[in-house]
Novice: 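One structure, pasted below without further comment.
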Amino acid sequence: MAGRSHTIGPTNMAENGIDLETLRHSAAHLMAAAVCELWPGAEYGIGPSIEDGFYYDFLLPEGQRFTDEDLPQIEARMREIASRRPEYLRQELSRQQALAEFGRREQRFKVELIERIPEGEVISCYRTGDFFDLCRGPHVHDASEIPAFKLLHPAGAYWHGDETQPMLQRVYGTAWNSQPELDLYLERLEQARLRDHRKLGRELDLFSISEELGPGLVLWHPYGATVRTVIEDYWRQAHRRAGYQLVYTPHLAREKLWETSGHLGYFADEMFGAMEVEGDRYRVKPMSCPFHILIYKSRARSYRELPLRLAELASVYRYQRSGTLHGLLRVRGFTQDDAHIFCQPEQVEEELARVLRLVREMNARFGFYELEVDLSTKPIKAVGSDELWEQAESALTRVLLAEELEYKLNPGEGAFYGPKVDIHIRDAMGRRWQCATVQFDFNEPERFGLEYVGADGQPHRPVMIHRVLLGALERFFAVLLEHYAGALPLWLSPVQLQVISVSDDQLDYAHQVALRLEQAGFRTEVPDRPGDRMGAKIRDSELAKVPYAAIVGRKEVEANNVNLRNNRNNEQTPISVEDLIARLRSESGS
RNA sequence: GCCGACGUAGCUCAGUGGUAGAGCAGCGGUUUCGUAAACCGCUGGCCGGGAGUUCGAAUCUCCCCGUCGGCUCCA
């Protein structure tokens, strides 16, 4: 899950005990040993340790599949094997020996793996009881050294992750150095479940996805739409400040446009089908770049007006396979905070630096301070000259260094049309999310024949940079919700304050107070369901994660003030409405 | 799309072949109350959809749709 590579537990550091990677890898072997005993003739693929656990892939005889009920049985067999304390015995084999050994055992996946091992590399295997596996190691001494493990869920997984390959049966598990650590991890999984944006979205009445509407299409309810509007307003303001010009473009275009851009060639699988209009074919847009390019091309451009930064909150539609949809994190219709920067080659570094600064500023505003950067470079199949790539990659590297952003290099992982920088944020649970991405594009300026007139009076080709900062509003909203567990900061809360009357007698006063707050620009509600007691209203207010309640009873009416209740820490303060407004202003940064 | 699981009231869930249930929410009434739930009553379901087995299906079988956990891909 690129957008959701969850790390739930503490990092994989062994505080006391065995290195967790070793431990988990050994647990994977133990599980494979158990599976091979229970399903004789099972073939095994790979079984690595992963963040928070391990898995192992199997091909069971006669196309059998694991079900949830199988897991306790496998786990019991693992414990039984572990109680015999089999040692993990290392053995180095020659290529021929290894091929013969796994050939004899009819382990075709292992044979394939051995064939892929480069000449001259040591081929090592590990034996655990009757289980024999190709493996680099290292491992624990014996199976009793795995103090705490649990199998989590079965899943299907293609061999080498390739759909054309057979689908293997994967079992995920987790292993820790002690039972309390395992318990803590399971508890964190439960915590993550509680702050799942899909659950919060329903409970807080923020959004829904309706089967009648269609999978992967989002309905933003009034509260959710309010948050989105706040995000959008801030975004527009920040972009205008940063020198962007805002544009709007349609949701449809002639299919021909996507031929020109090249999207039909390599992106057709993700585009919704064509519709016929007056003999012409139209497509719903999966991205906005061609539209922004057409704005650029609508007249001759001078070097004097570059960089031209066109930005749009653009709703796009992409056909995602049904199995990949996931709440707001993976949808078919979403809104990118898209922008395209057209500039002269020598302006590239400055533009990149500005984008990165804007990424920092915006993420910080939303409460994300930790950024992790991936730089992906030229893949084997690519357009554009080596020289262009070289320039762009070195510009990216220089800017990352200058901005003091540490980055991870992913050689060959760039898009075919240009190198890219992906920026990940870490949320409150330590999970990593990709939101912002900056990509060079050597393809489209060429295809659309973009030009500007330079100081020399000659036509030149501009450099084009695609970038999103929040990514998609849907996904970003989901990340925000999970980050704050639904308790959004004051400036983002759909309802910032509720005025709660002690009895119905103070309702008039409550409405007067609310009116003053609304006039001061705060989103305010007065709960007035007849018969509800103050306690019930406070409870509802807390459950709705409204940051503040202003309690008004007889005392407050008399003193012409309110009793401010911080719903998040139950702090109570008598305060005048003027002071309350000042306080809310300062907290919300407005 | 593929593998597995699941789908009962708006929500959370009970109900394994014999008349569809609970709590919360909603609605009506009574209560006017000081920091997380007042009380009484009522409404609400083609048991995801379709086909089949059966005297009889929420329950068993098959197909479809959707959701969830993965694989792949990505904002």
Side-chain angles (χ1 to χ4, degrees), chain A residues 1-4 55 57 60 63-71 152-172 193 196 198-199 202-203 205 208-216 267 269-270 286-287 314 316 318-338 415 422 433-437 466-476 478-479 500-507 529-543 549-556 563-567 570-572:
Chain A
M1 298 184 244
R4 356 182 242 121
Y55 68 80
D57 289 343
L60 299 182
Q64 290 178 79
R65 326 269 189 218
F66 291 122
T67 69
D68 292 327
E69 287 76 55
D70 293 326
L71 299 191
L152 298 175
H153 43 254
Y158 298 105
W159 176 237
H160 294 312
D162 179 346
E163 286 174 57
T164 63
Q165 298 279 347
M167 175 164 273
L168 308 182
Q169 297 297 303
R170 177 172 295 181
V171 179
Y172 281 94
R193 203 182 63 77
D196 187 310
R198 293 166 296 189
K199 182 172 148 70
R202 191 169 49 238
E203 288 170 356
D205 199 9
S208 61
I209 294 174
S210 154
E211 189 175 337
E212 277 179 279
L213 215 202
F267 208 73
D269 288 354
E270 288 190 49
M287 56 231 336
V316 298
R318 297 185 188 172
Y319 165 70
Q320 311 277 359
R321 294 193 289 181
S322 55
T324 65
L325 299 175
H326 181 99
L328 294 187
L329 288 169
R330 199 52 200 279
V331 291
R332 286 179 174 162
F334 55 100
T335 306
Q336 292 183 301
D337 68 317
D338 208 0
D422 296 318
W433 307 89
Q434 188 199 317
C435 292
T437 151
H466 306 252
R467 44 110 289 185
V468 291
L469 303 190
L470 306 179
L473 290 181
E474 288 75 8
R475 172 181 288 179
F476 190 75
V479 172
I500 292 177
S501 61
V502 173
S503 78
D504 288 357
D505 291 344
Q506 294 89 33
L507 269 175
R529 282 210 325 245
D532 259 8
R533 298 191 174 181
M534 182 191 64
K537 290 190 257 192
I538 286 173
R539 179 184 145 85
D540 288 348
S541 188
E542 288 218 359
L543 290 177
I551 313 292
V552 295
R554 225 169 262 142
K555 261 186 346 207
E556 286 73 25
N563 192 303
L564 182 67
R565 179 183 202 274
N566 182 329
N567 278 342
N570 197 10
E571 197 181 271
Q572 293 166 37

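Sequence lines set the chain letters: A, B, ... in the order given, protein chains first and strands last, and positions in each chain run from 1.
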Novice: Could you list, one pair per line, each protein nitrogen or oxygen that sits under 3.5 Å from a nitrogen or oxygen of nucleotides 3-6 of chain B, together with the distance?
Specialist:
from   : atom 1 : to      : atom 2 : distance (Å)
rC3(B) : O3'    : R65(A)  : NE     : 3.2
rC3(B) : O2'    : Q169(A) : OE1    : 3.3
rC3(B) : O2'    : Q169(A) : NE2    : 3.2
rC3(B) : O2     : G156(A) : N      : 3.1
rG4(B) : OP1    : R65(A)  : NE     : 3.4

Novice: Report the residue (P215(A) or E474(A)) whose heavy-atom-nearest nucleotide on RNA chain B is the more 5′ of the two.
Specialist: P215(A)
Novice: In whole Å, I'd like the distance from the CD atom of E203(A) to the C1' atom of rA25(B).
Specialist: 13 Å
Novice: For the backbone of E270(A) and the side chain of R318(A), can you confirm whether one donor and one acceptor N or O come within less than 3.5 Å of each other?
Specialist: no
Novice: Classify the side chain of R330(A) versus the base of rC73(B) as yes if they form a donor-acceptor pair under 3.5 Å and no if they do not.
Specialist: yes
Novice: Looking at R475(A) and L470(A), would you say the former's side chain and the latter's main chain have a donor-acceptor pair under 3.5 Å?
Specialist: no
Novice: Among residues at least two apart in sequence or on other chains, which ones pass side chain to side chain donor-acceptor pair (under 3.5 Å) with Q320(A)?
Specialist: R330(A)
Novice: Verify, without hydrogens or angle tests, whether D532(A) (side chain) and K537(A) (backbone) share a donor-acceptor contact under 3.5 angstrom.
Specialist: no
Novice: What is the distance from CG of D196(A) to C1' of rU67(B), rounded to the nearest Å?
Specialist: 12 Å
Novice: Say you pick atom C1' in rG10(B) and the same atom in rG26(B); how far apart are they, in whole Å?
Specialist: 8 Å
Novice: Closest approach of L325(A) and P215(A), non-hydrogen atoms and distance?
Specialist: CD1-CB, 3.7 Å
Novice: How far apart are the closest heavy atoms of L507(A) and S501(A), and which atoms are they?
Specialist: CD2-OG, 3.6 Å
Novice: Can you tell which of rG1(B), rA75(B), rG26(B) lies closest to the side chain of R529(A)?
Specialist: rG26(B)
Novice: Output the rounded distance in Å from CD (E270(A)) to C1' (rC74(B)).
Specialist: 6 Å
Novice: Provide, to the nearest angstrom, the distance between the CD atom belonging to E212(A) and the P atom belonging to rG10(B).
Specialist: 12 Å
Novice: Considering only atom P, compute the distance from rA14(B) to rA22(B) and round it to an integer number of Å.
Specialist: 16 Å
Novice: Identify whether any heavy atom of V316(A) sits under 4.0 Å from a base atom; if not, whether one sits that close to sugar-phosphate; answer base, sugar-phosphate or nothing.
Specialist: nothing
Novice: How far apart are the closest heavy atoms of N570(A) and Q572(A), and which atoms are they?
Specialist: OD1-NE2, 3.4 Å
Novice: Starting at the 5' end of RNA chain B and moving along, which residue's nearest nucleotide shows up first, G535(A) or E211(A)?
Specialist: G535(A)
Novice: Show me the dot-bracket string of RNA chain B, counting Watson-Crick or G-U pairs under 3.5 Å, with | for pairs to another strand and [ ] for crossing ones.
Specialist: (((((((..((((....[..)))).(((((.......))))).....(((((..]....))))))))))))....
Novice: Does any donor-acceptor pair link the side chain of R475(A) with the base of rA75(B) at a separation under 3.5 Å?
Specialist: no
Novice: Suppose you measure atom C1' in rG21(B) against the same atom in rG44(B); what distance do you get, rounded to whole Å?
Specialist: 13 Å
Novice: Give me the distance, rounded to whole Å, that separates rC74(B) from rC6(B) when you measure between the C1' atoms they each carry.
Specialist: 26 Å
Novice: Suppose we screen for salt bridge (Lys or Arg N to Asp or Glu O under 4.0 Å). Which residues come up paired with D57(A), at least two apart in sequence or across chains?
Specialist: R170(A)
Novice: All N/O contacts under 3.5 Å from nucleotides 11-14 of chain B to the protein, with atom names and distances to one decimal?
Specialist:
from    : atom 1 : to      : atom 2 : distance (Å)
rC11(B) : O3'    : R202(A) : NE     : 3.4
rU12(B) : OP1    : R202(A) : NH2    : 3.0

Novice: Output the rounded distance in Å from CZ (R321(A)) to C1' (rC71(B)).
Specialist: 9 Å
Novice: Taking R539(A)'s backbone N and O only, do any of them form a donor-acceptor pair with E542(A)'s side chain (distance below 3.5 Å, no angle check)?
Specialist: no
Novice: Nearest heavy-atom pair of T335(A) and E474(A): which atoms, and what distance?
Specialist: N-OE1, 2.8 Å
Novice: Rounded at 0.5 Å granularity, tell me how far CD in Q64(A) sits from CD in Q169(A).
Specialist: 10.0 Å
Novice: Should the side chain of E542(A) and the base of rA36(B) be counted as holding a donor-acceptor pair, with the cut-off at 3.5 Å?
Specialist: yes
Novice: Give a yes-or-no answer on whether the side chains of R565(A) and N567(A) include a donor-acceptor pair shorter than 3.5 Å.
Specialist: yes
Novice: In whole angstrom, give the distance that lies between atom CD1 of I500(A) and atom P of rA37(B).
Specialist: 12 Å
Novice: Rounded to whole Å, how long is the line connecting atom CG of D269(A) with atom P of rC73(B)?
Specialist: 13 Å
Novice: Select base, sugar-phosphate, or nothing to describe what L543(A) touches, counting heavy atoms under 4.0 Å on all strands.
Specialist: base
Novice: With rounding to the nearest 0.5 Å, note down the distance linking CD1 in I500(A) to CG in N563(A).
Specialist: 11.0 Å
Novice: How many Å lie between OH on Y55(A) and C1' on rG69(B), as a whole number?
Specialist: 16 Å
Novice: Is there a side-chain contact between V316(A) and F334(A) in this structure, where contact means two heavy atoms from C-beta onward sitting under 4.5 Å apart?
Specialist: yes
Novice: Does any N or O in the side chain of S210(A) come within less than 3.5 Å of the main-chain N or O of E212(A), such that one atom is a donor and the other an acceptor?
Specialist: yes
Novice: Which listed nucleotide (rG70(B), rA75(B), rA38(B)) is nearest to the side chain of Y172(A)?
Specialist: rG70(B)
Novice: Between rC71(B), rG70(B), rC68(B), which one does the side chain of T324(A) approach most closely?
Specialist: rC71(B)
Novice: Between the base of rG1(B) and the side chain of Y319(A), is one N or O donor paired with an acceptor at under 3.5 angstrom?
Specialist: no
Novice: Between R170(A) and rG69(B), does any side-chain N or O lie under 4.0 Å from OP1 or OP2?
Specialist: no
Novice: So how far is it from E203(A) CD to L543(A) CG, rounded to the nearest 0.5 Å?
Specialist: 8.5 Å
Novice: For a quick check of understanding: with a heavy-atom distance under 4.0 Å over all strands, which category does G327(A) fall into, base, sugar-phosphate or nothing?
Specialist: sugar-phosphate
Novice: With rounding to the closest Å, how many angstrom separate the C1' atoms on rC63(B) and rG18(B)?
Specialist: 27 Å
Novice: When you compare rU35(B) with rU30(B), how far apart are their P atoms, in angstrom units rounded to a whole number?
Specialist: 26 Å
Novice: For nucleotides 32-34 of chain B, tabulate all protein N/O to nucleotide N/O atom pairs closer than 3.5 Å, reporting atom names and distance.
Specialist:
from    : atom 1 : to      : atom 2 : distance (Å)
rU32(B) : O2     : D504(A) : N      : 3.0
rU32(B) : N3     : D504(A) : OD2    : 3.0
rU32(B) : O4     : D504(A) : OD2    : 3.4
rC33(B) : OP2    : R554(A) : NH2    : 3.0
rC33(B) : O2     : R533(A) : NE     : 3.0
rC33(B) : O2     : R533(A) : NH2    : 3.0
rC33(B) : N3     : R533(A) : NE     : 3.4
rG34(B) : O6     : R554(A) : N      : 2.9
rG34(B) : O6     : K555(A) : N      : 2.9
rG34(B) : N1     : E556(A) : OE1    : 2.9
rG34(B) : N2     : E556(A) : OE1    : 3.2
rG34(B) : N2     : E556(A) : OE2    : 2.8

Novice: How far does the C1' atom of rC47(B) sit from the matching atom of rC27(B), given to the nearest Å?
Specialist: 24 Å
Novice: Taking only the P atom of each, what is the distance from rG17(B) to rU59(B) in whole angstrom?
Specialist: 12 Å
Novice: Go through rA75(B), rC71(B), rC73(B) for me and flag the one nearest to the F334(A) side chain.
Specialist: rA75(B)
